[in-house]
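Not measured: the values here are computed from a predicted model. We count residues from 1, following the sequence as given.
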Amino acid sequence: MRRFLGGVIAAALVAGAIATTTTPAVAAQATAPVLSPTPYMGWNTYYGLGGDFTEDTIKSVADSLVSRGLAKAGYDIVWLDGGWQADQSRSDAGDLVPNPAKFPNGLKPVVDYIHSKGLKAGIYTDAGPYIPGKCGLGSGGHYQHDADTFAAWGFDAVKVDYLCGIAANLDPKTVYTEFAQALRNNASHRPMIFNLCNPVTSPDWGNYPESQQSINSWSYAPGIAQSWRTYTDVGFQGDIKFKDVLRNYDANARHPEVVKPGAFSDPDYLAPELGMSDEEFRTQLTLWAVAAAPLVVGSDVRKLSATTVGMLTDPDVIAINQDKAAVQAVRVGAAGTTETWVKLLADGGRAVALLNRGDSAKTLTTTASAVGLQGSRFTLKNAWSNKVTESAGVISAAVPAHGTALFRVEPARGVPGAPHVTAGIPQVTKVGTDPQPADVAPVVAGGDELTVQVNVRNDGLTPILQPAVTVAGGTGWTVKSLTKAPILIAGGQQADFAFTVKLPAGAAPGTASVTAQTAYQTVLYGVQKQTTVLSPIVIAPAPPSGTVPLSHHDWITATSGWMSPTIDESVGGGNPIKLTGTTYPTGIGVASPSLIRYYLGKSCSRLTGVAGIDDVVSNVGPEGGTATFQVVGDGKVLFDSGTVDRFTPKQFDVDLTGVRVLDLVVGDAGDGGYNDRADWAAPTATC
């Protein structure tokens with residue numbers, strides 16, 4: 001998915017032009033009306049409420065969108081997903097029926113209330129015929145009647161799913177084209193946004209033909225719909241993982257050439273406070289902004305923190321998303337742990353996102369020429385901090401793990417601006433005498449002495465004078481500077497500041513941070529200060545002792561491709577760990593991809609066990625059920641299983657001598673995570 005989006009798009013970007021070519025499949029059907037020239041914005045019931053919403057709920061959310069400033073910022077569609085319909089969703093007369101317990105007055109009064117607040121209303125149905133047990137609602141055989149009904153109720157947008165469609169083995173292009181025509185021809189002549197949604201047929205769900213997969217919707221949807229889903233759901237109700245946000249973004253990035261005013265690729269909903277950290281959600285919002293994606297909040301907006309609402313309503317970020325050129329960002333340079341994404345703006349400037357997919361903070365850089373700008377001076381406006389600086393051509397930022405920096409970049413004019421200086425996030429380079437592995441979050445223990453480095457780079461045209469850096473840790477931590485500060489840092493130059501940071505012997509397990517304060521004098525703008533924070537640093541629990549099941553020891557972090565890791569059961573719970581007929585009383589069940597991290601503190605000598613695919617996969621079907629297993633000590637691979645299928649578990653016996661931090665890593669063996677229920681069976685540590 002993370003292939004370079006080069007060719008015509010990249011060439012057009014560098015030339016400063018907007019690519020206007022379309023595929024024949026798209027051009028032949030380019031008839032969808034432009035109902036929202038820039039990406040529409042709003043809220044949807046699905047991830048935050050599921051099907052548990054009523055007339056009062058919807059009115060309450062509408063009130064909250066207005067009172068919390070979200071509506072004013074542009075989030076103006078209140079969208080009812082599945083769950084609004086009655087148990088018997090269609091009457092004998094063929095009419096759709098709202099759930100009478102949830103909507104005793106029907107849907108029109110709810111829509112009227114939404115409209116009275118200055119908002120718009122959206123609703124959900126499915127392209128297939130209603131099939132009990134397969135989906136909760138279907139419009140198959142009733143397209144025009146349902147389109148007329150939605151319009152008569154006053155809806156402004158319709159999301160059309162494909163659960164019933166796949167159950168009935170329909171062709172998505174055919175049925176979505178028919179539905180689009182019905183919406184355009186509704187009896188009330190009401191314009192209604194059409195969101196084409198077929199996530200259940202993405203590759204993660206099984207071996208479906210490409211024509212039925214959402215990754216194929218780009219080939220026909222821009223001509224019939226205002227937006228089209230480009231991959232499966234970004235998560236589960238109340239459970240959104242950062243890795244799945246990246247997965248959906250990558251799939252969404254495949255075909256930027258078909259995005260245009262009024263027609264947008266849709267990587268699914270924004271999901272703050274449903275499993276991601278604030279930093280991870282800031283990254284999702286940044287990526288959706290540069291992708292010219294619809295901004296639809298899936299969380300319960302009534303419960304969101306002020307911090308989250310502040311992110312959602314940030315005017316500079318929204319302005320980038322709503323830029324009237326409606327160009328989707330492309331990647332510049334290679335795919336990897338760190339990436340640069342650039343969006344051409346209507347005024348000729350660029351929105352530049354520096355993305356850090358990794359687990360450790362990094363300073364990321366690109367250049368103005370790489371993103372298609374020419375000149376010798378450039379203004380950089382940080383969309384999140386609002387700070388405006390000037391660069392000689394380098395675009396740089398200190399980016400936390402799982403974070404992004406977002407700049408609006410254009411040629412500079414007039415009086416020189418404040419130099420663009422990047423004060424790096426503190427980096428732990430050593431724990432004691434041991435080098436810290438790259439791309440791994442620091443794990444420390446009481447009594448450890450850390451070597452910490454802060455890099456300060458000046459990418460401006462003028463020097464900065466008297467640069468000074470101070471570092472502070474947690475309560476009782478002692479800090480010693482190892483570096484004599486330079487008199488100045490000239491434009492285009494950088495300097496490193498090193499420190500030792502020692503934890504008290506009794507430091508309690510948990511998380512901590514290291515904060516760096518950087519100050520410097522500028523020629524025209526006085527003293528400037530920057531604060532950067534390394535967080536979290538994990539203070540580990542005590543290592544295992546004796547010969548013990550590792551699954552019964554506290555882990556530092558644990559991830560699973562879906563759901564959560566389970567102890568002594570296969571993932572999902574309810575089943576013992578069982579490999580080719582043998583049941584194991586201890587172990588860890590996960591879905592790929594997965595990482596389980598433990599602190600050993602050099603106190604263990606051996607790890608034994610069996611890595612395999614749980615027998616429960618056979619209850620699901622023959623598809624999937626392949627994974628790779630690695631045991632990694634301090635960044636070094638100690639055991640690699642190769643591809644493991646459901647018939648070939650692999651025993652491992654690993655030397656752990658000298659290992660501080662142990663990772664148990666499961667990959668998907670290159671065929672996606674469908675039905676990959678992986679087990680670390682009887683993992684026994686000798687310590």
Specify the closest pair of heavy atoms between [X] and [Y], including all atoms of both residues, with the distance to one decimal.
X: Arg350; Y: Gly372; result: NH2-O, 3.0 Å
X: Pro267; Y: Asn248; result: O-ND2, 3.0 Å
X: Ala485; Y: Phe497; result: CB-CE2, 3.8 Å
X: Phe639; Y: Val654; result: CB-CG2, 3.7 Å
X: His420; Y: Ser391; result: CB-CB, 4.1 Å
X: Val666; Y: Ser592; result: CG1-CB, 3.9 Å

About how many Å separate [atom2] of [Y] and [atom1] of [X], when rounded to the nearest 0.5 Å?
X: Gln436; Y: Gln427; atom1: CD; atom2: CD; answer: 9.0 Å
X: Thr433; Y: Glu449; atom1: OG1; atom2: CD; answer: 10.5 Å
X: Gln328; Y: Arg254; atom1: CD; atom2: CZ; answer: 12.5 Å
X: Ile556; Y: His553; atom1: CD1; atom2: NE2; answer: 8.0 Å
X: Ile464; Y: Ile489; atom1: CD1; atom2: CD1; answer: 4.0 Å
X: Tyr520; Y: Leu465; atom1: OH; atom2: CG; answer: 11.5 Å

Residues [X] and [Y]: side-chain donor-acceptor under 3.5 angstrom:
X: Ser299; Y: Glu273; answer: no
X: Tyr249; Y: Gln284; answer: no
X: Asp268; Y: Tyr47; answer: yes
X: Thr286; Y: Trp384; answer: yes
X: Glu390; Y: Thr379; answer: no
X: Asp640; Y: Gln630; answer: yes
X: Asn356; Y: His402; answer: no

Evaluate side-chain contact (heavy atoms from CB on, under 4.5 Å) for Thr522 paired with Thr462, printing each intermediate quantity in order.
CA-CA 8 Å; Thr522 62; Thr462 57; 6.0 Å; no

Donor-acceptor pair, [X] side chain versus [Y] backbone, under 3.5 Å?
X: Thr422; Y: Arg457; result: no
X: Thr283; Y: Glu279; result: yes
X: Glu410; Y: Asp347; result: no
X: Thr367; Y: Gly393; result: no
X: Arg247; Y: Tyr231; result: no
X: Gln322; Y: Pro39; result: yes
X: Arg68; Y: Val301; result: yes
X: Asp244; Y: Lys241; result: no
X: Ser513; Y: Pro536; result: no
X: Lys343; Y: Val327; result: yes

Side-chain heavy atoms of [X] within contact of [Y], under 4.5 Å:
X: Ser545; Y: Ser603; value: no
X: Arg597; Y: Val538; value: no
X: Ser535; Y: Thr511; value: no
X: Leu406; Y: Val290; value: yes
X: Asp634; Y: Asp434; value: no
X: Thr38; Y: Asp323; value: no
X: Trp477; Y: Val514; value: yes
X: Pro565; Y: Trp555; value: yes

Between Asp316 and the options Lys381, Lys387, Arg408, the salt bridge (charged side-chain N to carboxylate O under 4.0 Å, His left out) test singles out Lys381

Would you sort out whether Leu354 and Val352 count as a side-chain contact (heavy atoms from CB on, under 4.5 Å), showing the intermediate values?
CA-CA 7 Å; Leu354 302 176; Val352 178; 4.1 Å; yes

Take atom NZ of Lys430 as the centre, draw a 6.0 Å sphere, and report whether it contains more than 12 heavy atoms from other residues, nucleotides or ligands.
no

Go through it in stages, so that I can follow the logic: the residues are Val317 and Asn321, the test is side-chain contact (heavy atoms from CB on, under 4.5 Å), and I'd like the CA-CA distance, side-chain angles, deciding distance and then a yes or no.
CA-CA 7 Å; Val317 177; Asn321 174 260; over 6 Å; no

Please name the residue in the list Val632, Val659, Asp663 that meets the side-chain contact (heavy atoms from CB on, under 4.5 Å) test with Leu638.
Val659

Walk me through whether Val245 and Trp288 qualify under side-chain contact (heavy atoms from CB on, under 4.5 Å).
CA-CA 10 Å; Val245 165; Trp288 267 229; 3.8 Å; yes

